[in-house]
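What you see below is based on every heavy atom in this structure, not just the backbone, and it leaves out hydrogens, waters and symmetry mates. The model shown is predicted, which means the values in this text are computed figures rather than measured ones.
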Amino acid sequence: MIRSTARKRLLTAVALVTGVTLMAAGCSGSGNGESEQGASEGRTLNVWAGTQTPIVANFNPYSPNPLHAANGAIYEPLFYYNKAQAGPPEPRLGESFEWSEDGTELTVKLREGVTWTDGEAFDAEDVVFSQTNEAAKRDFVVSVEALDTHTVKWVFDSPQFTSEVQLLGTSLVVPEHIWSQVDDLVTFANEDPVGTGPYKADAVTEAAYTVVANEDYWAGAPKVKKVRYLGIDANQSAEDLMTTGKVDWTAMFVADPERITADGRLSMINTPQDPTTIYTCVSVDLGCTGPQTDVAVRQAINLAMNRQEINDKAFAGLAATASPTFALLGRDDRWISPDVEEKSPQTPDAAAAAQVLEDAGYTKGADGIYEKDGQKVELTLITVDGWNDYNAVGDLLVEQAKAAGISIVHNKVTQQEMSDARVAGTYQLMVGGITGPSLDDPFSIYRQWMTTDYTRPVGEVMESGLFNYVRYTNPTVDAAVEAAASTNDEDVKKEQYAIIQQEIVRDLPYIPVVVNASQTFMDTQDFTGWPTQDDLYAFPPSWSTVSLGVVLSKLEPAS
């Protein structure tokens, strides 16, 4: 097994907040582009992608929670699929691909002349390993083979047209000559990563980590030579650092963005894409416990929710309306079945919520809370302390549910506690996001977030690449997803999506809240090349897997 030498930790927990502030202050710009690197190369770009302290050196793309730079800045996929706008995929480590007529074979031509940051040549064996190792292999893949040094062929057990983004766009390529020697691909910290991306790991402390430009990058050396990712424990701290010029790129909710952008240094772009939901641990068979395992309780919460109030008070009216089908309204309308509700209810109906519970055998107790078989409808909901928008959602939902006879206790926890509960299934309700698809098609949500193959029993930690955190298992949905994956015929896919939507709109394993506002703040005074509304060449949030590397590779110092 490869063992990396642990870096010395430079800051103690007691000094974390001060350390972050001092480090950020040491590289903040005043608009003149000066830095320790000199005016010709520009200053360090300071980023917050949601990372909290203490930061742990982990650049493993197979880990459930690697440092953000691993996923796009250091490791790359074969192609980039831009969820921000329609268009063909952009070649990265791959140059072209071709499907067989029946969708059971896929052949990719790879980019030549690419080297890993340790000087080794990138070739087809790296792709084969990255697609077939224990952490990455998929059940529907029969084989992956190198036809020559720069051609790879997949063979599937069934048509897999709709697996294209998953195989080519979200699977990152790692060096076979290093990772084939690793015993446990998921727990390996990979503190000294070797990648093909535009940046290389530099240094890690508990308060921040830095990456530096890969001067041999196949697309040309990045113009921004150093990027510092800060660990910040609350949105308010990030706001304070933004307003004082110490954060240059971040994606977070700010109720009054004009206050942040007023001095002209930062610009804001809003790209609603990703649904914010109430995760519900669903399956009793997989170990979930609590009233939320009853579909009637989930339906009642859905009806009791005042989404208009939540949008206005938690998201400053900047969020978009969510669909219970998880198709993105406006972009994906053609996929929504006419037999289901297109939009989640925006105003509450406490009477309807109560009727659902009573029809399911619940009776209201003297305290106004419904109960059944001696168990009250009392639930615990968690959010990450300091995530202001999600905290507000939790507080509002407590009051809205109470009006319908449902008791919810809102607990604010650390990001690590939330992550641990999510991957292990040890929660009842959680405010959480769903990553929107890379195409104008909700298929990836249906498969990755709602099928049995993408979940595990409660207590068994879900490895990287598994997203069905609610432990939802429905054979009808599984079969329809499999059928949709086997066709390139849009009409047939619509038929299967109608089946899926009928099930999930009724079952509500994820109760939709809004489509998150996805505000991104960017320093357009000291750096140029950012995505804009007129040129959304990449999804702009600083935390966005793959696209963060695309954005970094295109930035330039303004000076």
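- A side-chain N or O of S171 and one of R138 form a donor-acceptor pair less than 3.5 Å apart.
- Checked by atom type and distance alone, the side chain of Q519 pairs as donor or acceptor with a backbone atom of V254 at under 3.5 Å.
- Interatomic distance, D148 CG to D123 CG, rounded to the nearest 0.5 Å: 10.0 Å.
- Scanning for ring pair (Phe, Tyr, Trp, His ring centres under 6.0 Å) contacts around F129 gives an empty result, with sequence neighbours left out.
- Atom CH2 of W449 is separated from atom CZ of F326 by 10.0 Å, given to the nearest 0.5 angstrom.
- The side-chain heavy atoms of V212 and K225, taken from C-beta on, include no pair separated by under 4.5 Å.
- A side-chain donor-acceptor contact under 3.5 Å links W530 to the backbone of D523.
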Quick one: side chains of residues 88-97, donor-acceptor pairs under 3.5 Å with protein atoms, not counting sequence neighbours, listed by atom name and distance.
from : atom 1 : to   : atom 2 : distance (Å)
E90  : OE2    : R92  : NH1    : 2.6
R92  : NH2    : Y217 : OH     : 3.0

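- Put simply, the side chain of V165 does not reach to within 4.5 Å of the side chain of F79, judged on heavy atoms.
- Note that CG of L78 and NZ of K109 are 13.5 Å apart. Values are rounded to the nearest 0.5 Å.
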ask   = Do D240 and K246 pass the salt bridge (Lys or Arg N to Asp or Glu O under 4.0 Å) test, and can you show the C-alpha distance, the side-chain angles, and the key distance before you say yes or no?
value = CA-CA 9 Å; D240 294 342; K246 299 176 179 67; over 6 Å; no

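- Atom CE of M462 sits about 9.0 Å away from atom CZ of R422, to the nearest 0.5 Å.
- Within 6.0 Å of the CG atom in D139, the count of heavy atoms belonging to other residues, nucleotides or ligands does not exceed 12.
- A donor-acceptor pair shorter than 3.5 Å can be found between the side chains of E76 and T196.
- Ring-plane geometry between F315 and F253 is classed as perpendicular, the angle between the planes exceeding 60 degrees on a 0 to 90 degree scale with a lower cut at 30.
- Under the 3.5 Å distance criterion, the side-chain polar atoms of Y469 are left unmatched by any main-chain donor or acceptor of G432.
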